[in-house]
Amino acid sequence: MGSMNVEGNAANVEGFEHCLDGIFREVNKLEKRVNEIERFYKTVNDTQLNTPKSSSVVKDKVKEKHLSCIEKQQQEAFNREAAAAKRMQELMHQFEKILQHITQHKSAHPFMHPVDVEGLGLHDYYEVIEKPMDFSTIKNKMDAKDGNGYKNVRETYADVRLVFKNAMKYNDNRNNVHKMAKTLLGKFEEKWLQLLPKVAEEEKRWEEEEAKSQIDMKLAQEVVHANMARELSNELFGIDMQLEHLRQTVIQKCRKMSTDEKKKLGTALTRLSPEDLSKALEIVAENNPGFQPTAQKVDLDIDAQSEITLWRLKVFVHNTLRLAGKCSEFVDHPTKSNSKRKGEISNAVSKNAIKRSRKATPNS
């Protein structure tokens, strides 16, 4: 009969360990997700510290409006980008007409192709000119479809201007190439000023839409992480329920601790370090709402504790002393190194109570 009980207890312990292992695995997964959410909200909070209050209020209003339509926001962002690309393409087309007008001028031929440095014997050209430029290079870059083309009109404008500036920089102002470059630059700037208002308007519109797109993206991320937090909360609640069920099962399985075992437990408590003793008293407090483990004076009646509390204390003390190399199943006597406070606790245990007195800390 005794053998059957031992086997039954071993099976129960193994079952509990299996349950706890599964719970710990789930907790580890949840912890990683919690860390991810914490990192996200830390980034959001750091950003909001540098955000004006009025902007934050506007953002909150926009957030309330968009929480239920993330997919619509993404589609709108895509549509905005497509519309902006189309408008920029139209501006590039208008700029191309300006460039065509300039390249058809009778003075444009020196600038149509890269400078023949070797053929003309211009040995110091690359020492004077940092970035050579010509109209054929500009045309090829305007027609590029591999992502290496111009991103906007201003980039194209800068390269056209560079063609003339390079010629004026390398050639003396009495040189014909210098004079032709100066003439064409004047005509080009005149045409550019006519297109500039449209370019400036498009740039302003793009900046506003880009800012709105970034806000929408942040809101979408906040919604995703808010959903993650809600799911985590539900899963943590489920784990709490599992632990509570396991706790109740353990309580039902616990046999009653004998008087001798209680006495050994009380003696073993006196062998704990001050830090571990505090942890042991916190275990007691979990099932005793009125118990104050951090009070100046603590009275612990061993006989008044529930079986689950006693067994939890026993497991904690056993593991702690085992790690410290002091465990002999609670039979060793306290060493001389025990403090006066521990001696007082040992005396109290003989009366089925533990008393702990300690000096209050400033935070007590």
Before you tell me yes or no, could you show the steps for F164 and F135 under ring pair (Phe, Tyr, Trp, His ring centres under 6.0 Å), namely the whole-Å CA-CA distance, both residues' side-chain angles and the distance that decides it to 0.1 Å? CA-CA 10 Å; F164 302 127; F135 289 139; 5.7 Å; yes

State plainly whether the residues E307 and K256 are in salt-bridge range, i.e. N to O under 4.0 Å. no

Should H178 and D172 be marked as a side-chain contact (heavy atoms from CB on, under 4.5 Å) after you check the CA-CA gap, both sets of side-chain angles, and the distance that decides it? CA-CA 6 Å; H178 181 106; D172 185 83; over 6 Å; no

Just verifying a value: how many Å separate L162 CG and E130 CD, rounded to the nearest 0.5 Å? 9.5 Å

Determine, step by step, whether K86 and E90 satisfy the side-chain contact (heavy atoms from CB on, under 4.5 Å) criterion, reporting the C-alpha distance in whole Å, the side-chain angles of both residues, the deciding distance to 0.1 Å, and the verdict. CA-CA 6 Å; K86 187 175 181 180; E90 175 60 28; over 6 Å; no

State whether a side-chain donor-acceptor pair under 3.5 Å links D159 with Y150. yes

Donor + acceptor pair across side chains of E261, S258 (<3.5 Å): yes

Quick one: CG on D276 to CG on L281, what's the gap to the nearest 0.5 Å? 11.0 Å

Side chains of E118 and Y125, donor plus acceptor under 3.5 Å: no

Taking salt bridge (Lys or Arg N to Asp or Glu O under 4.0 Å) as the test, write out the residues that go with D146, two or more places apart. none

Scan L195, V160, T156, V153 and name whichever one has a side chain to side chain contact (heavy atoms under 4.5 Å, CB included) with I98. L195

Compare every heavy atom of P114 with every heavy atom of T137, then report the nearest pair and how far apart it is. OG1-CG, 4.4 Å

With respect to W206, which candidate in E203, E210, E208 satisfies the side chain to side chain contact (heavy atoms under 4.5 Å, CB included) definition? E210

Considering non-hydrogen atoms only, spot the tightest contact between N166 and P132 and give its length. ND2-CA, 3.7 Å

Any Lys/Arg nitrogen of E286 or R312 sitting under 4.0 Å from an Asp/Glu carboxylate oxygen of the other? yes

Can you list the residues that meet the side-chain hydrogen bond (donor to acceptor under 3.5 Å, both in side chains) rule with D143, with sequence neighbours excluded? K139

Give the cluster check for Y157 versus V199: same hydrophobic cluster or not, with ILVMFWY residues linked at side-chain heavy-atom distances below 4.5 Å. yes

Have S306 and T309 got a donor and an acceptor in their side chains that come within less than 3.5 Å? yes

Any salt bridge between R87 and E209, counting N to O under 4.0 Å? yes

Does the pair E96 and M92 meet the rule for a side-chain contact (heavy atoms from CB on, under 4.5 Å), with working shown? CA-CA 6 Å; E96 192 172 4; M92 290 292 285; over 6 Å; no

Verify same cluster id: L122, M112 (apolar side-chain graph, 4.5 Å): no

Grouping I, L, V, M, F, W and Y whenever their side-chain heavy atoms are under 4.5 Å apart, do V117 and V128 come out in a common cluster? yes

Using side-chain contact (heavy atoms from CB on, under 4.5 Å), reason through M257 and L265 one step at a time and then give a plain yes or no. CA-CA 10 Å; M257 189 176 285; L265 175 59; 4.3 Å; yes

To the nearest 0.5 Å, how far apart are CG in L269 and CG in L300? 7.5 Å

A181 and A167: which non-hydrogen atoms are nearest, and at how many Å? CB-CB, 3.7 Å

Students often mix this up, so state it plainly: with edges at 30° and 60°, are the rings of W192 and F95 parallel, tilted or perpendicular? perpendicular

Is V115 linked to I138 within one hydrophobic cluster, defined over Ile, Leu, Val, Met, Phe, Trp and Tyr using a side-chain heavy-atom separation of less than 4.5 Å? no

Between E155 and K141, is there a side-chain N and carboxylate O pair less than 4.0 Å apart? no

Identify the two heavy atoms, one from A280 and one from L313, that lie closest to each other, and give their separation to 0.1 Å. O-CD2, 3.4 Å

So, taking the atom named CE in M180 and the one named CG in N171, what distance separates them when rounded to the nearest 0.5 Å? 9.0 Å

Could you pull out every donor-acceptor pair under 3.5 Å between side chains of residues 101-111 and any protein atom, sequence neighbours left out?
| residue | atom | partner | partner atom | Å |
| --- | --- | --- | --- | --- |
| T103 | OG1 | L99 | O | 3.0 |
| T103 | OG1 | Q100 | O | 3.1 |
| H105 | ND1 | S107 | N | 3.0 |

Any luck finding a side-chain donor-acceptor pair between D134 and S136 under 3.5 Å? yes

Evaluate side chain to side chain donor-acceptor pair (under 3.5 Å) for N175 paired with Y170, printing each intermediate quantity in order. CA-CA 10 Å; N175 187 289; Y170 187 78; over 6 Å; no

Heavy atoms, side chains only, cut-off 4.5 Å: are K165 and L185 in contact? yes

Let me check something: do L193 and L184 share a hydrophobic cluster, defined by ILVMFWY side-chain heavy atoms less than 4.5 Å apart, either directly or through other members? yes

Does a side chain donor of either N152 or E202 reach within less than 3.5 Å of an acceptor in the other side chain? no

